[in-house]
Amino acid sequence: MSVLAGLNDAQRRAVEHRDGPLLVVAGAGSGKTRALTHRIAHLIGHHGVDPGQLLAVTFTNKAAREMKERLELLLAQRLAQSLHAQPWSTLAAVDQRQLRSQVYREVSRELWIGTFHALFARLLRFDIDKYQDPDRLSWTRQFSIYDESDVLSLMKEIVVQEMKLDPKRFEPKKVRWAISNAKNQGWLPDQMEAAAEGVRGKREAEAYRLYRRALAANNALDFDDLLLLPVQLLRQNDTVRSYWHRRFRHVLVDEYQDTNRTQYELIKLLVADGADPGTIGTWQDRSVFVVGDADQSIYSFRAADFRILMGFQDDFGDRAPDDSTRTMVKLEENYRSTATILEAANALIANNSERIDKVLRPTRGEGEPILLTRCDDEIAEAEAVVHRLRLLEAAHPELSWRDMAVLYRTNAQSRALEESLVRWGIPYVVVGGLRFYDRREIKDILAYLRLLVNPADSVSLLRVINVPRRGIGKTTIQRLTDAADQLGIPLWDVVSDPEAVRSLAGRSAKGLLQFCELIHDLRRRVQDAPPAELVQRVMEQSGYVRELIADASDEAEERRRNLQELVNAALQFQEENEEADLERFLATAALASDADNKDTSADRVTLMTLHSSKGLEFPVVCLVGLEQGLFPSYRSLDDPASLEEERRLCYVGITRAKERLFLSHASERRLWGGMREPAVPSVFLSELPQEHLQGDVPRSGGAALRRSERLDRLTRVDREESRRVARGGSAGVPANAMRRRSAAPAPGRSWAVGDRVRHSSFGEGFITHLFGSGERISLAVKFEGMGPKILDPRLAPIEPLPAAPEA
């Protein structure tokens with residue numbers, strides 16, 4: 001059996017390429033893994049390359065395992081023909097096992113296939129003792145690799161005990177991030193100190209120096225070191241570098257668009273032996289083969305730089321135009337999706353300027369049109385998506401729940417979807433993130449709320465007693481717990497006794513007394529305040545949100561969004577339940593959290609972020625939340641490069657679909673908690689070919705949709721008073737939108753970026769962005785102390801303010 005059998009022309013050219021550089025531009029679903037695997041098999045089986053001379057880099061351990069398994073099967077099938085003169089499928093199971101075992105011994109065991117971190121950790125096991133550290137630190141080949149928890153424990157010890165720094169000002173996790181960023185730039189402590197600004201930067205550089213000493217003392221490396229030390233070693237030691245250069249004659253890299261600068265430097269050092277790649281005189285018996293797609297580069301937040309792929313032709317290739325180059329092959333035949341889905345993807349990504357031109361060509365039929373649904377709100381959107389999945393599952397016996405996926409831009413969007421799936425008893429799994437009610441920040445706030453209802457809940461008390469930090473240490477908590485155990489009373493009875501606290505807590509007494517005062521104050525409001533207000537009060541009065549705002553990292557912003565989504569959950573609960581007290585809300589949240597926990601069946605609907613969906617495929621894909629400020633994200637609207645990455649992310653989402661693709665957006669959404677606000681359809685929707693979109697605009701909002709599905713409770717919009725308001729306005733407009741319309745300024749007002757406005761609830765702010773044009777314009781407004789709000793000036797209760805006087 002030839003390893004070239006079944007390949008298309010482009011795949012065959014890639015596989016048959018022998019020596020020199022080759023960039024394989026592999027579109028989504030174009031068989032790139034097949035090309036990589038068959039190339040390795042061809043080099044070994046046809047050209048007689050020693051497996052030990054091959055280095056193949058993947059971006060996940062799972063991909064490495066799959067590539068090895070495919071390669072073993074491919075070579076075993078080839079051996080079946082040459083040794084037994086019969087096809088693999090006709091061999092007895094015992095003969096198949098023997099052939100695979102032979103392939104493993106002769107090929108797989110000698111191959112270097114894995115992630116950058118795994119491969120270069122292996123290299124360091126051979127040569128780390130030859131590394132010359134500028135600070136005279138040293139490691140042996142038996143070094144340990146510390147995971148993130150090990151690293152943070154070490155960093156806390158250095159910052160708090162060794163450097164005597166205030167952990168509130170110099171949070172160990174932030175210091176660790178700064179050090180990690182320096183390592184990813186290839187810096188040692190001296191370079192970090194030279195680039196440092198201010199006292200904080202100098203302290204972080206000092207912590208980096210102490211951290212390296214501590215790692216060396218423990219003969220340990222962290223994940224960043226597994227790339228940084230090999231770069232330094234290969235640069236400084238010509239003998240070591242030349243050995244590995246001679247050893248690895250054929251270097252293959254998958255997902256090349258996701259490499260960062262350190263990884264790129266490692267590839268250059270191995271391939272060119274420290275020289276400029278453009279000066280390589282001969283490529284005889286040597287190659288560098290990289291596979292990637294700039295259109296699928298979506299990990300810039302991990303320091304991935306798709307310009308590395310874009311520059312391959314200048315660095316290694318012949319620099320010739322695409323139609324005449326011998327160092328680039330494009331895989332454009334798509335084996336995954338229908339023609340309709342591919343035409344939509346092609347039209348969308350053509351709007352990006354930084355890309356290598358390619359067009360995905362279908363190998364399948366036209367397929368079903370793409371269904372676009374406009375919903376009144378995120379609740380209606382979730383119900384519409386679930387309703388669609390139920391119809392498909394009932395009408396198509398060949399479809400299972402596992403064949404369906406719902407993709408979204410941010411983790412917080414899963415909440416409404418999860419609750420709808422639970423309501424209809426549909427099994428699901430959240431991939432690439434925790435279930436909404438299992439996320440740390442959600443569990444923290446729910447623990448506060450449970451404590452308000454049941455002070456004897458010591459588990460909840462212990463979870464939040466020092467969250468956010470109040471200076472209450474483990475020793476103090478142990479003293480209080482021991483006292484409660486010895487007295488046989490709940491821990492709260494000890495904690496809430498001022499005299500006991502002053503006696504047992506020492507310097508922690510002040511923080512504990514403030515915590516008790518907070519809980520007492522909130523408990524006084526439990527009977528009268530609705531759940532949403534209590535959630536908001538806990539978030540604000542505890543200092544939880546204030547700490548996240550001060551953090552200002554992307555992770556903190558994501559956690560804050562999740563907390564605002566918890567407010568949305570409480571507001572929705574109030575709309576759907578006449579007796580909406582805190583105890584019932586907590587019971588509802590617990591039910592949503594625990595639903596189907598014991599079900600180990602794999603037949604579940606998949607919920608995941610678009611980033612997590614990379615590399616996967618599903619017969620049915622629902623892509624939700626296509627609104628300006630959500631997808632594309634708010635942060636990308638002012639930055640053309642970021643907007644292009646958001647478009648690539650949308651392209652990745654579309655190309656996950658094999659048979660059916662459903663798109664949806666909401667007319668209004670609670671993005672940040674509080675009242676509903678109008679949402680503008682995503683610019684990406686206007687970039688899709690309209691002939692392939694089939695509109696499905698529901699006449700009813702979330703409340704009426706719930707009513708039609710016979711859900712138990714009605715929302716405010718369903719009540720008679722709201723119906724009277726609605727009858728006074730346009731058909732199909734939610735009643736709460738009608739109320740806001742009456743408060744809006746007169747139509748015809750022109751708005752501009754920088755204009756100051758006053759909102760009846762949010763106070764004063766200024767316009768940062770304008771979306772749309774004419775009467776269909778929307779405003780992005782930044783109000784003090786909160787995230788951005790996207791408002792329709794025809795509906796929102798805002799009024800213009802005079803410009804601020806110039807200084």
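Just so you know, these numbers come straight off a predicted model, no measurement behind them. In what follows, every heavy atom counts, from backbone to side chain, and hydrogens, waters and symmetry copies are set aside.
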Item to check | Distance-only side-chain donor-acceptor flag, His692 / Glu343, under 3.5 Å | outcome: yes
Item to check | Salt bridge flag under 4.0 Å for residues Arg65 and Glu69 | outcome: no
Checklist entry - Hey, are Lys358 and Asp295 close enough for a salt bridge, meaning a charged N less than 4.0 Å from a carboxylate O? => result yes
Item to check | Atom of Gly625, atom of Phe631 and distance for their closest heavy-atom approach | outcome: O-CB, 3.7 Å
Checklist entry - Is the CZ atom of Arg307 crowded by more than 12 outside heavy atoms at less than 6.0 Å? => result no
Item to check | Any side-chain heavy-atom pair of Tyr299 and Lys614 under 4.5 Å | outcome: yes
Checklist entry - Looking at side-chain heavy atoms only, is the closest gap between Asp315 and Ile308 below 4.5 Å? => result no
Checklist entry - Quick one: do the Glu646 and Ser636 side chains pair a donor with an acceptor below 3.5 Å? => result no
Checklist entry - Side-chain contact, heavy-atom cut-off 4.5 Å: Val605 with Pro427? => result no
Checklist entry - Looking at Arg656 and Glu617, does any basic side-chain N land under 4.0 Å from a carboxylate oxygen? => result no
Item to check | CZ/Arg122: more than 12 non-hydrogen atoms of other groups inside 6.0 Å | outcome: yes
Item to check | Closest non-hydrogen atom pair, Ile341 against Ile654 | outcome: CG2-O, 3.5 Å
Checklist entry - Are Arg409 and Leu649 side-chain neighbours, meaning at least one heavy-atom pair lies under 4.5 Å? => result yes
Item to check | Check against side-chain contact (heavy atoms from CB on, under 4.5 Å), Leu616 and Met608 | outcome: CA-CA 11 Å; Leu616 302 176; Met608 66 174 71; 3.5 Å; yes
Checklist entry - Charged N to carboxylate O under 4.0 angstrom, Arg669 versus Glu378? => result no
Next on the checklist: Quick check on Asp314: does its CG atom have over 12 non-hydrogen neighbours (other residues, nucleotides or ligands) under 6.0 Å away?
Outcome noted: yes
Checklist entry - Are Glu687 and Arg647 close enough for a salt bridge, meaning some N to O gap below 4.0 Å? => result yes
Next on the checklist: If we count only N and O atoms by modelled type, under 3.5 Å, do the side chains of Ser180 and Asp224 hold a donor and an acceptor together?
Outcome noted: yes
Item to check | ring-ring contact (aromatic ring centres under 6.0 Å, His included) between His611 and Phe301, worked out | outcome: CA-CA 11 Å; His611 282 98; Phe301 63 93; 5.1 Å; yes
Item to check | Pairwise side-chain contact, Tyr264 with Tyr256, heavy-atom cut-off 4.5 Å (strictly under) | outcome: yes
Item to check | Verdict with reasoning, Arg439 to Ser414, per side-chain hydrogen bond (donor to acceptor under 3.5 Å, both in side chains) | outcome: CA-CA 12 Å; Arg439 290 165 187 152; Ser414 77; 3.3 Å; yes
Checklist entry - After noting the C-alpha distance and the side-chain angles of Glu16 and Arg39, does the key distance pass the salt bridge (Lys or Arg N to Asp or Glu O under 4.0 Å) rule? => result CA-CA 7 Å; Glu16 288 186 312; Arg39 172 170 172 75; over 6 Å; no
Item to check | Trace of the side-chain contact (heavy atoms from CB on, under 4.5 Å) decision for Leu23 with Ile356 | outcome: CA-CA 11 Å; Leu23 167 62; Ile356 296 173; 4.1 Å; yes
Item to check | Derivation and outcome, salt bridge (Lys or Arg N to Asp or Glu O under 4.0 Å), residues Glu72 and Lys68 | outcome: CA-CA 6 Å; Glu72 286 176 2; Lys68 278 187 177 179; over 6 Å; no
Checklist entry - Without hydrogens or angle criteria, can the side chains of Thr363 and Glu333 be said to hold a donor-acceptor pair below 3.5 Å? => result no
Item to check | Donor on one side chain, acceptor on other, Thr327 and Thr325, under 3.5 Å | outcome: yes
Item to check | Cys622 vs Met404 side-chain heavy atoms within contact, under 4.5 Å | outcome: no
Checklist entry - What heavy-atom pair brings Leu119 and Trp112 nearest, and what distance separates the two atoms? => result O-CZ3, 3.6 Å
Checklist entry - Going by heavy atoms in the side chains, are Pro640 and Leu643 under 4.5 Å from each other? => result no
Checklist entry - Any luck finding a side-chain donor-acceptor pair between Glu645 and Ser300 under 3.5 Å? => result yes
Checklist entry - Should Lys330 and Asp293 count as an ion pair when the cut-off is N to O under 4.0 Å? => result no
Item to check | Six-ring centre of Phe306, Arg648 cation under 6.0 angstrom, axis tolerance 45° | outcome: yes
Item to check | Candidate pair Val290 and Leu309, rule side-chain contact (heavy atoms from CB on, under 4.5 Å), full reasoning | outcome: CA-CA 9 Å; Val290 303; Leu309 180 145; over 6 Å; no
Checklist entry - Would you call Glu557 and Arg560 a salt bridge, taking side-chain N to carboxylate O under 4.0 Å as the test? => result yes
Next on the checklist: Do Val624 and Gln413 have side chains that approach each other closer than 4.5 Å (heavy atoms only, starting at C-beta)?
Outcome noted: yes
Next on the checklist: The test is side-chain hydrogen bond (donor to acceptor under 3.5 Å, both in side chains); show your working for Glu644 and Ser353 and say whether it passes.
Outcome noted: CA-CA 8 Å; Glu644 291 211 352; Ser353 58; 2.9 Å; yes
Next on the checklist: Please tell me whether Gln263 and Glu265 have a donor and an acceptor in their side chains that are separated by less than 3.5 angstrom.
Outcome noted: no
Item to check | Working for side-chain contact (heavy atoms from CB on, under 4.5 Å), residues Val430 and Glu418 | outcome: CA-CA 9 Å; Val430 180; Glu418 288 184 63; 4.0 Å; yes
Checklist entry - Do the ring centers of His117 and Phe223 come within less than 6.0 Å of each other? => result yes
Checklist entry - Do Asn8 and Tyr335 have side-chain atoms, one donor and one acceptor, less than 3.5 Å apart? => result yes
